[in-house]
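Order of listing sets the numbers, starting from 1, for every ligand and every atom in it. We count residues from 1, following the sequence as given. Below, all heavy atoms of this structure are taken into account, side chains as well, without hydrogens, waters or symmetry copies.
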Amino acid sequence: MNKAFDIAIESLASPGATAPAPSTSTSSPAASPHPRHPNAAPGKSFYLETFGCQMNVHDSEKVSGVLLGRGYRAVESPAEADLVLYNTCSIREKAAQKVFARLGDWKTTSQNKIIGVLGCVAQQEGEEIFERAPWVSLVCGSASYRRLPDLVAELESGGRRVTGLDLDTEETFETEITRRDNPFRAYLTIIEGCDYSCAYCVVPLTRGPERSRPSGSILSEVRRLAAAGYTEIQLLGQTVNSYRDPSAPKLNFVDLLYAVAAVPGIRRVRFTTSHPNDFTREIVQAIDSTPALCDHIHLPVQSGSTPILRAMRRTYTREEYLEKIAWIRAARRPISLTTDIIIGFPGETEIDFAGSLSLLDALQCDGVFSFKYSPRPNTPARDMPDAIPEEEKSRRLAILQEHQRLIQIARNDLLVGSQFEVLVDARHAGRDQWAGRTTSNRVVNFTSPRVNLLGEYVQVRIARAGPNCLVGEHLV
Ligand code: SAM
Ligand code: SF4
């Protein structure tokens, strides 16, 4: 996992894919006929490419559901589609540039097609997208997705340019149908937007203020997913643990975790991303006492230096973050920890950087997503003095990644000989291996004498370990 953000985005952006589905060789347990909307558009097709985080991947599943409900059919290549949509990410500059490169492909060939931009770049650039790419007809940010059916209907009835760019909404994006691309793990957004204001981050500007989804609606969806055969649920939010139930039961995040884990048929519950400020002892106690709550916490720290954390407006110090890690490490059940770190924030000195390296030693994470700081439009950090040159950021990132790689090698070596339950989600035909994840979210590749294991929970003994995965054999 110790890799730069570019790679994560690449892996989500493969042509023809709307999500990193673990395998295309099985059908979704939730695959169900899609009821048609009364004003459906029979015969029309759409292609949707997704960039960015899991929230975007899941938003795309919901957008696909909306379109399927209107009678559209999904196709594998943009050339075949009547409607071509890009669900975009603008967390880093390169990610945003890539979207304009994709749009450029349609400059002379967009006749008879509707081209649309969804997500963070849509929200950030707004109607300027029409200036830069006049062949685009739809621009819609994620806070306006509830208007998508109307926007699509407007285009179908001849509208030339439609936009959904409001941010002042209390609503979350709920759909009658969600086309789920991962057959084993169901994503479920419980909170949208973000009320923090980290100095480097576009999310509050592109996804709007925090809105939690009512607990009753979340729990009914979990029950429906369990009935459809899903056993693993991943609760999503930019700050998932800031969840506050807007409806009468007034569940807090921990109450919701217990309630989701108690739904019959659900064996694994994950949640991401947690914000350190809202991370409580009760979350650790819930994981400690409830086997269905996965023993993995992703808790982005961003820097190991308190002055840099202050400049980033992260609302906690290095010491306060470490105090929360001590709760996790004191749990009876070993809990795997992963984090995010930004390198080269303006003003980051060698001492600050050394603080991030020493924090990695103290944390002993099983994975770190590390990013070079990327200045973003309309964020306070963009105008901060003492920008770090690009080459220096690259140098520090390489040092940090190597530092963390050695930590992961040492940690994973300790697991050789141990046994894990693995939910099998892929097969590597060329290597004659199966792949899956442990409840602690470790990737395990393994051999088995069995012929079809997809979707099964199996016991695997670990024989070898690398920095990013474990290798073992199925205990039949
Ligand atoms: N809400 C989560 C939190 O506060 O920890 C993070 C969500 S953000 C979409 C994912 C990660 O992108 C962040 O944890 C941060 O490390 C990284 N990121 C955000 N803005 C960035 C920027 N301008 N440059 C580089 N990395 C950035
Ligand atoms: Fe961005 Fe900070 Fe909100 Fe996370 S908490 S989404 S980093 S503003």
Side-chain angles (χ1 to χ4, degrees), residues 1-9 12 51-59 88-97 119-121 123-124 142-143 167 189-211 235-243 271-279 297-304 308-316 321 324 337-346 348 356 359-360 365 367-384 387-388 390 393-394 396-397 400-401 404:
M1 205 194 282
N2 179 22
K3 59 191 178 187
F5 200 44
D6 298 19
I7 301 168
I9 287 184
L12 292 174
F51 299 80
C53 63
Q54 280 162 336
M55 296 224 25
N56 263 13
V57 171
H58 184 41
D59 281 348
T88 61
C89 169
S90 64
I91 200 91
R92 253 179 356 102
E93 192 182 355
K94 264 193 198 154
Q97 281 169 354
C120 294
V121 172
Q123 191 66 51
Q124 190 177 285
S142 68
L167 278 177
T189 302
I190 62 166
I191 175 170
E192 289 175 7
C194 178
D195 276 354
Y196 286 96
S197 47
C198 302
Y200 51 82
C201 185
V202 288
V203 168
L205 309 172
T206 58
R207 287 191 165 265
E210 184 182 293
R211 287 103 62 206
L235 305 176
L236 297 178
Q238 293 295 345
T239 55
V240 73
N241 57 330
S242 312
Y243 177 81
F271 53 88
T272 196
T273 296
S274 297
H275 192 290
N277 199 50
D278 298 318
F279 192 82
I297 292 167
H298 183 63
L299 198 63
V301 63
Q302 314 299 1
S303 171
I308 293 294
L309 288 171
R310 202 173 298 126
M312 287 177 163
R313 305 189 184 165
R314 280 298 283 184
T315 72
Y316 52 85
Y321 181 87
K324 303 203 172 196
L337 176 72
T338 55
T339 195
D340 293 350
I341 292 219
I342 296 177
I343 299 307
F345 188 77
E348 184 188 75
S356 290
L359 187 77
L360 291 184
C365 286
V368 172
F369 289 100
S370 43
F371 313 100
K372 285 192 276 184
Y373 165 67
S374 169
R376 306 308 296 127
N378 306 318
T379 56
R382 192 184 175 91
D383 302 320
M384 285 181 182
I388 308 296
E390 215 40 47
K393 283 191 221 169
S394 301
R396 290 184 191 178
L397 185 69
L400 182 125
Q401 291 188 338
Q404 178 60 23

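Separating the NZ atom in K372 from the CZ atom in R396 is a distance of 12.5 Å, to the nearest 0.5 Å. In this structure, CG in L299 is found 9.5 Å from OG1 in T272, a value given to the nearest 0.5 Å. In this structure, CG in N241 is found 11.5 Å from CG in L235, a value given to the nearest 0.5 Å. In this structure, the separation between OH on Y196 and CG on N277 is 3.5 Å, given to the nearest 0.5 Å. Atom CG of L205 is separated from atom CD of Q124 by 8.0 Å, given to the nearest 0.5 angstrom.
Here the side chain of S394 pairs a donor or acceptor atom with the backbone of E390 at under 3.5 angstrom. At least one donor-acceptor pair closer than 3.5 Å links the side chain of R211 to the backbone N or O of P209. Under the 3.5 Å distance criterion, the side-chain polar atoms of Y316 are left unmatched by any main-chain donor or acceptor of L309.
If you count the protein N, O or S atoms nearer to atom 1 (Fe) of ligand 2 than 2.8 Å, you get 1.
Atoms of ligand 2 found under 4.0 Å from any heavy atom of T239, numbered from 1 in the order shown, are 5 (S). Atoms of ligand 1 lying under 4.0 Å from at least one heavy atom of D340, given by number and element, are 10 (C), 11 (C), 13 (C), 14 (O), 16 (O). Of all atoms in ligand 1, numbered sequentially from 1 with element shown, those under 4.0 Å from a heavy atom of R376 are 23 (N). The distance from ligand 1 to the heavy atoms of Q302 drops below 4.0 Å at these ligand atoms: 5 (O), 13 (C), 14 (O), 15 (C), 16 (O). The contact set between ligand 1 and K372, taken as ligand atoms under 4.0 Å from a residue heavy atom, comprises 24 (N), 25 (C). Close approach to Q238 involves these atoms of ligand 1, each under 4.0 Å from a residue heavy atom: 1 (N), 2 (C), 7 (C), 9 (C).
Residue Y200 places at least one N or O, backbone or side chain, under 3.5 Å from an N or O of ligand 1. By the 3.5 Å distance cut-off applied to N or O atoms, R314 is counted among the residues near ligand 1.
Side-chain contact of H298 with T338: a donor-acceptor pair under 3.5 Å is present, judged by distance alone. Q401 and S370 are linked by a side-chain donor-acceptor pair at a separation below 3.5 angstrom, with hydrogens and angles left out of the test.
In this structure, the protein non-hydrogen atom closest to atom 5 (S) of ligand 2 is H275 CD2, 3.5 Å.
Ligand 2 is approached by R314 to a heavy-atom distance shorter than 4.0 Å.
Contact annotation for K393 and ligand 1: no heavy atom of the residue comes within less than 4.0 Å of the ligand.
With sequence neighbours left out, the side-chain contact (heavy atoms from CB on, under 4.5 Å) criterion links A199 to R313, F345, P380, A381, M384.
Side-chain contact check for E348 versus K393: every heavy-atom pair is 4.5 Å or farther apart.
Nearest-heavy-atom check against atom 6 (C) of ligand 1 across T315, T273, L299 picks out T273.
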